Amino acid sequence: MKEHTKSRHFIQRIIDEDNVTEKFDNRVHTRFPPEPNGYLHIGHAKAICLSFSIAEEYGGKCYLRFDDTNPIAEEDEYVRAIQEDVKWLGYEWDKLCFASDYFQQMYDYAVDLVKSGNAYVCDLTADEIKDTRGSLTEAGKESQYRNRPIKENLDLFTRMKDGEFPDGSRTLRAKIDMAHSNMNMRDPVVYRILHAHHHRTKDDWCIYPMYDWAHGLEDSIEGVTHSLCSLEFEDHRPIYDWYLDALGVYHPQQIEFARLNLSYTIMSKRMLKQLVDENHVSGWDDPRMPTISGLRRRGYTPAAIRNFMEEIGIAKRDNVMEMTKLESALRQDLNKRCERRMAVLNPLKVVITNYPEGEEETLEAVNNPEDESAGKRQVPFSRELFIERDDFMEDPPKKFFRLGLGREVRLRYAYFITCNNVVKDNDSNITELHCTYDPETKGGNAPDRRKVKTTLHWVSAKHAVDTEVRKYDRLFNVPAPGSMENFLEAINPNSLTLLNNCKMEPELKNAKVGEPVQFERLGYFCKDPDAGDKPIFNRTVPMRDAWAKLEKQMQSGKKN
RNA sequence: UGGGGCGUCGUCUAACGGUAGGACACCGGGUUUUGGUCCCGGCAGUCGGGGUUCAAGUCCCUGCGCCCCAGCCA
C-alpha cells in the first residue's frame, strides 16, 4: 500500500497550499470563538482540538476568543467555565480575547460602511423586516429607508449609539441586494439597539453588532488566517467576505467543517440548558451530560477525548458517531493508566468456614498489570468476605463460570474457595454463602495445577469501606433525541442508578476526587466531589462484558 | 421546488485517474489470576444510469437522496 504517513484532511491541505502560495506569509493563526451563553460540550471539543492542534502543528497561534456580542444570553459564569474546560483539555491559548474588546473599532468600521454608502439606518420593525425579506423562492422588497442620504444615516446611527431610540426601533443594515438568492445577503442587520447590561462593557453600549458583522472583524483585527467553523456557516461566508471587502481590511479565510454528532445524546446548548434549568439533570456538570465538565466529572480524561477527536477525523459530510467509539477511546486510555482496586457493588456475604475465627492476613495485589511501575499493594483477607451477588448462582447454566453450589473458584490474589452451603431468609432470599478455602492455594495458584473457570473480586468484610456508587446509562433512549418534536420524552428514566451499600477495599480510602481507577471486573470509576458521610464513586464506563453479551444471546435464544 | 453543501462497509474515515485500506461495532478463535487487556481470523462499502479512459470512488453528463438558510441568535 502507500506509505504509513497519516493522510491529511482537507483543512490541512488548504493550509499546506496556502503556505506554498504564501497567501498569509506562511502564518497560521486560528481561534476558538465560543459565545459565553452555556457550557462547552463534546461537540465544541472537536472544534477546540481542531483549531488548537492546527496552530500547534504549523507553529502558529490560536486564540481563545469569546464572541460576546449578545449581552442578553451571556454570563460571566460561562466565561469562567469555558476557560476551565479548554485548559482541562490541555490547550493553552496564545491570547485571551473578547469580541467586546473591539466594540469601538467595530463601531468605527460601521461608520465607514455608512460613509461609503454601504449601510443605512432602517426604521422597519422586526416584523416588517421579516415580511419584506421575501422567501427562499421570492425576492425581498427594498426598505423605504434604504436610500436615505449618507448624512442622515450618519446622524441617525450616532443617535442610535447615543441611546436616543428604544430597543427595536431602528437597525443599521448593510445595503447589498434584497433579491439575492442567499438570504444572508438581503440587507442584513449590522447593528441592533439593545439597552442591555453587558457582562464586560457594562452599560457603555446600547447598540450591539450582529454575528456576521462582528465575527469577520474579530478575525481580521486579530490577524487570524484560517477561521474554522461548522457547516451551517457556509451560507454566511459570502457576507463574511462582503463585509471585509467593503471595508478593504485584512481578510482571513473562513473554512467550514462538519460538526460532531453523537448517537443517543444532544449537542444543542439550548437543549442542554433546558435539561439544567428544568432539573432533569443536576447541573451542567452532571456526569450524564455530554458537556466537557460533565465528562470530566464522569471520569473521562483529556487524552481519551483528544484521541477520540484524532480518530474521527475532519470532513464535510454530516456524521453521527456511535457512542461506542468514544467509549473505546476512553477504555483504551483508562486501561493503561488506571490502578486496579477491588470493590463490591452488590455485596453477598461469604463465610469461609474453615478459616480460623478472629484471624486475618494480608495479600499482595498488582496495581496495574499494564504498567509494572505502578507497583503492588496489600489487601486484607479474613474469615468473612463480600463477593458480588451476580457472581453466584445456585443453579447456574453451563456457561456461567462463576460461583455455584459445589463449585470452586479463585478469589483474586487470595485462595480457591468452594461453596458448600447457601443460607436463605424466610423469603428464600440468599443471605449468606458458606464456603471452604484451600490454604494451599494462597496467592491464587494450586500446587497440584488444578484449574478453576474464573476469578472473582472480593472485599474483606471487617476491613471494608462503605461507599455509594452512581452508575450511569445513556441519558436518552433514542439514537437522535435532538431531532424529536420533544426531546424530553426521550429521556431515559434509568440513566442513573444509585447503589448505596457498596464495599471497597481499604486502599480506596486514599482515592482522590476525579482520579480514575479500575474496579476489577466492573469498570472504571472515580470519586465524586459530592461525598457526604460515605465517599461517592461515579462509574465512568463499565468493562466490556462478554458474559452480559452471552446472557443476552441466550435470552434471545441464539445460543444455549 | 431559490441558493449553499454533502453522498465510500452498520458507524466514522482513507484512497490527489492505477490492487477500495484503517478504526469502532459485529462474528469466530487463542492467551489470561479481571468473561478486562493483548493476539489471530472473519463479515461488510464506492447512491443510480450513461459517458471519457488501457484503467473511474476519483473526470464529464444526468437522475436520486440527505443536510443547511427566510433571528434585530451565534
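Chain letters run A, B, ... following the sequence lines, proteins first and then strands; every chain starts at 1. None of the values given here were measured: they were computed from a predicted structure.
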**Prompt:** Which part of the nucleic acid does A/Arg133 contact within heavy-atom distance under 4.0 Å: base, sugar-phosphate only, or nothing?
**Reply:** sugar-phosphate
**Message:** With the 90 degree cut-off around zero defining syn, does B/rG71 come out syn or anti?
**Reply:** syn
**Message:** Under 4.0 Å, counting only non-hydrogen atoms across every strand here, what does A/Tyr208 touch: a base, just sugar-phosphate, or nothing?
**Reply:** nothing
**Message:** As a test of understanding, state which of A/Arg173, A/Arg146, A/Arg170 forms a salt bridge (Lys or Arg N to Asp or Glu O under 4.0 Å) with A/Asp123.
**Reply:** A/Arg170
**Item:** Out of B/rA74, B/rG35, B/rG4, whichever nucleotide has its closest atom nearest the side chain of A/Glu234
**Value:** B/rG4
**Message:** If the cut-off is 4.0 Å, is A/Gln553 near the phosphate of B/rC27, judged by side-chain N/O to OP1 or OP2?
**Reply:** yes
**Message:** Looking at B/rC16, I'd like to know if its phosphate oxygens (OP1 or OP2) sit under 4.0 Å from a side-chain N or O belonging to A/Arg13.
**Reply:** no
**Asked** Between B/rG4 and A/Arg237, is there an OP1 or OP2 to side-chain N/O distance shorter than 4.0 Å?
**Response** no
**Message:** Roughly how many Å apart are B/rC61 and B/rU1, using the C1' atom of each and rounding to a whole number?
**Reply:** 22 Å
**Message:** Strictly by Watson-Crick or wobble contacts shorter than 3.5 Å, is anything paired with B/rC73, and which nucleotide is it?
**Reply:** none
**Request:** Would you kindly compare A/His9 and A/Glu232 by the position of their nearest RNA chain B nucleotide and give the one closer to the 5′ end?
**Result:** A/His9
**Request:** Could you check whether the rings of A/Tyr39 and A/Trp284 sit parallel, tilted or perpendicular, using 30° and 60° as the cut-offs?
**Result:** parallel
**Message:** Whether A/Arg192 contacts B/rG71 is assessed here as follows: a side-chain N or O lying under 4.0 Å from the phosphate OP1 or OP2. Is that the case?
**Reply:** no
**Request:** For nucleotides B/rA70 and B/rA15, find the distance between their P atoms and express it as a whole number of Å.
**Result:** 34 Å
**Request:** Determine the contact category for A/Leu363: base if any of its heavy atoms lies under 4.0 Å from a base atom, sugar-phosphate if only primed atoms, P, OP1 or OP2 are that close, otherwise nothing.
**Result:** nothing
**Asked** Using atom C1' of each nucleotide, how far apart are B/rA20 and B/rA56 to the nearest Å?
**Response** 12 Å
**Message:** Less than 4.0 angstrom between a side-chain N/O of A/Lys325 and OP1 or OP2 of B/rU13, yes or no?
**Reply:** no
**Asked** If you measure from the C1' atom in B/rG7 to the same atom in B/rG45, how many Å do you get, rounded?
**Response** 12 Å
**Who pairs with B/rA44 - Watson-Crick or G-U, where each distance is under 3.5 Å** = none
**Message:** Any base atoms under 4.0 Å from A/Pro71, or only sugar-phosphate, or nothing? Heavy atoms, all strands.
**Reply:** nothing
**Request:** For B/rU34, take OP1 and OP2 only and decide whether either is under 4.0 Å from a side-chain N or O of A/Arg410.
**Result:** no
**Request:** Go ahead and name the base partner of B/rC64; Watson-Crick or wobble counts if both distances stay under 3.5 Å, otherwise write none.
**Result:** B/rG7
**Request:** For A/Lys336, answer base if it contacts any base atom (sugar-phosphate contacts may also be present), sugar-phosphate if it contacts only those atoms, and nothing otherwise; contact means non-hydrogen atoms under 4.0 Å.
**Result:** nothing
**Asked** When all nucleic acid strands are considered with a 4.0 Å heavy-atom cut-off, which category describes A/Phe400: base, sugar-phosphate, or nothing?
**Response** base
**Asked** What orientation do A/Phe381 and A/Trp458 show, parallel under 30°, tilted 30 to 60°, or perpendicular over 60°?
**Response** perpendicular
**Request:** Look at the aromatic rings of A/Tyr107 and A/Phe157 and report parallel, tilted or perpendicular, splitting at 30° and 60°.
**Result:** parallel
**Prompt:** Between B/rC43 and B/rC9, how far is it from one C1' atom to the other, in whole Å?
**Reply:** 10 Å
**Request:** Provide the distance between the two C1' atoms, one in B/rU31 and one in B/rC39, to the nearest whole Å.
**Result:** 8 Å
**Prompt:** Which is true for A/Gln518 with a 4.0 Å heavy-atom rule: it touches a base, it touches only sugar-phosphate, or it touches nothing?
**Reply:** base
**Request:** Considering only atom P, compute the distance from B/rC60 to B/rC6 and round it to an integer number of Å.
**Result:** 13 Å
**Request:** Answer with base, sugar-phosphate or nothing: what part of the nucleic acid does A/Asp212 contact at a heavy-atom distance below 4.0 Å?
**Result:** nothing
**Request:** Might you point out which heavy atoms bring A/Phe10 and A/Glu256 nearest each other, and give the distance in Å?
**Result:** CZ-O, 3.2 Å
